[in-house]
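What follows is one structure encoded as structure tokens, with my remarks underneath.
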Amino acid sequence: MFSSFSASSARRRGAAARLAAATLVSGLVAAALLATAGAAAADDTPQSEGGATATIGALKTYGAAVIHDGGRDEQVPAGLFEMSVDYGGNLQTYCIDVHNPTQKDAKYQETTWSGTSLNGNKNAGKIRWILQNSYPQVNDLAALADEAGARGLTEQDAAAGTQVAIWRYSDGVDVDAVNPQAEKLADYLEKNARNLPEPAASLTLDPPAVSGHPGERLGPVTVHTNADGVTVTPPTDAMASGVKVVDAAGKEITSAVDGSRIYFQVPRKAQDGSAELIVQASTTVPVGRAFVSESRSQTQILAGSSESTVSATATANWAATGAIPALSAEKNCARSGVDITTVNKGDEAFTFALMGTEHIVPAGKSQTVTVPLQEDQAYDFTIKVPGGYAKRFTGVLDCKTASSAGGLKAQTVSEPAPALAGGPTAPDDNLAETGGSSVTPIIAGTAIGLVVIGGAALLLIGRKQTPTRD
């Protein structure tokens with residue numbers, strides 16, 4: 001028997017309702033869906049591979065665990081969080097960064113393992129096995145107890161035992177469940193776990209950015225999803241601009257399926273400009289997908305999903321002459337940085353400066369630049385594109401667990417300041433206090449006051465150290 005959040009018990013509905021368009025404008029940064037020639041616009045959305053976006057809530061089902069570190073024992077809550085998905089749906093998650101606190105109401109985005117601390121973790125696949133073979137995917141607690149050799153399991157015991165087993169592989173910590181039956185479950189899961197492949201994304205578009213000349217079909221952009229179908233929302237003023245979303249045959253479309261190749265059809269007489277389309281679906285997010293926050297809140301891994309709304313975006317730039325770049329970004333934990341990929345479909349080289357270095361992408365070529373960052377460093381890059389358009393990439397590099405980045409730390413710690421394109425960086429202080437089963441707000445350099453909740457909030461707060469650089 002499976003829980004209401006398990007993939008087996010949730011039925012997919014057909015194509016989802018179209019995403020309601022929302023626009024936020026601040027200063028020179030405008031998240032407008034279409035920027036025409038001459039308009040100074042910037043895309044302010046943090047780069048995303050698509051999928052589910054959710055807000056974390058409370059630690060709902062949990063027990064207690066003890067972490068043994070440096071001759072000291074620290075008791076922590078261990079169990080399941082719940083998240084509310086934007087535009088509908090709920091998720092259940094375990095954390096995979098025990099020493100890093102969880103920030104209340106932090107926003108999370110579905111992502112690949114390569115953009116998290118699971119990158120390079122040879123046991124990452126075992127964590128997925130644990131998730132698929134324990135609570136809540138298996139909610140027949142009597143059967144689970146029999147498998148583990150336990151005398152009985154409550155939901156709290158099952159959640160605690162599962163979280164403990166995950167921490168042993170995600171963080172490499174010496175940790176035990178306080179309840180003996182939960183500990184038996186943890187030992188059983190750890191012993192029997194087998195490496196499984198990373199699950200596919202619920203929804204992505206590849207590539208997320210294209211470019212070309214007016215009169216061409218720009219693309220293709222390939223849809224990858226586990227949903228039965230997706231809805232395709234064209235640019236908001238497509239009727240006025242004449243830009244259409246079409247298939248390979250040039251037929252205008254409003255829906256697609258996994259593997260569909262979609263294009264931006266730009267009129268021959270269109271002024272230089274850019275556009276964005278949105279693809280949305282309703283589906284269950286695969287167990288084992290990672291979720292990261294842009295506010296230094298601890299990384300989560302999916303244990304269960306209701307029917308949830310997922311979405312992805314793709315952008316297109318076009319111009320009659322000159323450089324015509326398509327820009328995208330992705331975290332690269334293997335190289336401790338952010339990959340900025342540029343595909344130049346124009347007839348002139350595209351030149352841009354980033355972090356004090358000039359980069360040149362010849363006409364008809366593509367180039368990926370890895371911007372090196374320190375662990376936990378916020379970044380904010382804006383790249384100007386010909387025609388007055390600008391692409392902005394923001395986020396936080398969070399590639400290591402606190403234990404792998406230096407272990408527990410209870411006093412004031414120094415964290416990297418945001419990396420700004422073309423500007424220097426300077427440290428800022430974040431203060432974390434100890435006591436109770438939660439902690440006081442962390443005062444971040446970005447002035448975001450967030451209250452820490454359950455899960456991996458240690459009685460002695462573990463914070464990440466900034467690694468030294470050669």
Side-chain angles (χ1 to χ4, degrees), residues 2-3 5-7 52 54 56-65 67 76-85 90-103 106 108 110-111 113 116-118 121 123-139 141 144 148 153-173 175-179 182-183 185-190 193 196 198-199 285-293 297-306 398 401-403 452-458 462:
F2 295 85
S3 75
F5 281 86
S6 70
I56 199 163
L59 189 68
K60 289 293 188 180
T61 307
Y62 61 96
I67 296 176
V76 298
L80 277 170
F81 286 93
E82 288 194 2
M83 290 190 183
S84 298
V85 180
N90 294 284
L91 308 175
Q92 288 178 310
T93 61
Y94 290 103
C95 85
I96 53 173
D97 193 358
V98 64
H99 294 317
N100 194 36
T102 301
Q103 314 295 345
Y108 279 80
E110 180 184 345
T111 191
W113 290 357
T116 73
S117 59
L118 294 178
N121 184 337
N123 293 314
K126 293 183 178 181
I127 297 172
R128 187 185 178 195
W129 185 96
I130 291 170
L131 293 165
Q132 290 187 338
N133 290 273
S134 191
Y135 183 79
Q137 285 297 302
V138 179
N139 68 358
L141 298 182
L144 189 59
L153 289 171
T154 65
E155 290 183 341
Q156 290 75 20
D157 297 336
T162 305
Q163 178 67 90
V164 165
I166 289 171
W167 280 336
R168 290 173 181 173
Y169 284 127
S170 65
D171 292 68
V173 291
V175 57
D176 298 312
V178 171
N179 181 275
E183 175 64 14
L185 175 61
D187 289 343
Y188 160 77
L189 294 171
E190 180 187 16
L196 298 178
E198 179 179 359
V285 183
V287 170
R289 290 294 288 170
F291 280 78
V292 295
S293 168
S297 187
Q298 68 181 182
T299 305
Q300 304 283 313
I301 193 162
L302 189 71
S305 169
S306 72
D398 187 1
T401 61
S403 56
V452 176
I453 59 177
L458 294 175

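Expressed to the nearest 0.5 Å, how far CD of Q163 lies from CD1 of I96 amounts to 9.5 Å. The CD atom of Q137 sits 9.5 Å away from atom OG of S305, with the distance rounded to the nearest 0.5 Å. Atom OH of Y135 and atom CG of L144 lie 10.5 Å apart (nearest 0.5 Å). Note that CG of L91 and CZ of R289 are 12.0 Å apart. Values are rounded to the nearest 0.5 Å. How far CG of L80 is from CD of Q156: 10.5 Å, rounded to the nearest 0.5 Å. Atom OG1 of T162 is separated from atom CG of N133 by 10.0 Å, given to the nearest 0.5 angstrom.
Between L131 and G288, the shortest heavy-atom distance links the atoms CD1-CA, 3.8 Å. Residue T102 comes nearest to S297 through the heavy atom pair CA-OG, 3.4 Å, listed as atom of the first residue, atom of the second, then distance. Across C95 and F81, no two heavy atoms sit closer than the pair CB-CE1, 4.5 Å. Taking both residues in full, the closest heavy atoms of P199 and P286 are given as CB-CB, 3.9 Å, listed atom of the first, atom of the second, then distance. Listed here is the closest heavy atom pair of L153 and D157: CD2-CB, 3.8 Å. Taking each heavy atom of A160 and A64 in turn, the nearest pair found is CB-N, 4.4 Å.
For the side chain to side chain contact (heavy atoms under 4.5 Å, CB included) with Y94, the lone residue among L302, I130, I166 that qualifies is I166. Across V98, T401, D97, a single residue satisfies side chain to side chain contact (heavy atoms under 4.5 Å, CB included) together with W167, and that is V98.
Using a 4.5 Å heavy-atom threshold, the side chains of I301 and L118 count as touching. When side chains are defined from C-beta on, R168 counts as touching D176, because their heavy atoms get closer than 4.5 Å. At a threshold of 4.5 Å between non-hydrogen side-chain atoms, the residues Y108 and T299 do not count as touching. No side-chain heavy atom of T116 sits less than 4.5 Å from a side-chain heavy atom of D398.
E190 places no side-chain N or O within 3.5 Å of a backbone atom of A165 that could act as its donor or acceptor partner. When atom types are taken as modelled, the side chain of Q298 and the backbone of N100 share a donor-acceptor pair closer than 3.5 angstrom. Judged purely by atom type and a 3.5 angstrom limit, E198 uses its side chain to pair as donor or acceptor with the backbone of W113. Remark: the backbone N or O of A52 is paired with a side-chain donor or acceptor of E110 at under 3.5 angstrom.
For Y188 and S134, the side-chain atoms include no donor-acceptor pair closer than 3.5 Å.
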Next item on the list: Applying side-chain contact (heavy atoms from CB on, under 4.5 Å), run through I67 and V76 and close with a yes or a no.
Entry: CA-CA 8 Å; I67 296 176; V76 298; 4.2 Å; yes
Notebook entry, point to check: Step by step, would you call E82 with K60 a salt bridge (charged side-chain N to carboxylate O under 4.0 Å, His left out)?
Noted result: CA-CA 7 Å; E82 288 194 2; K60 289 293 188 180; 5.0 Å; no
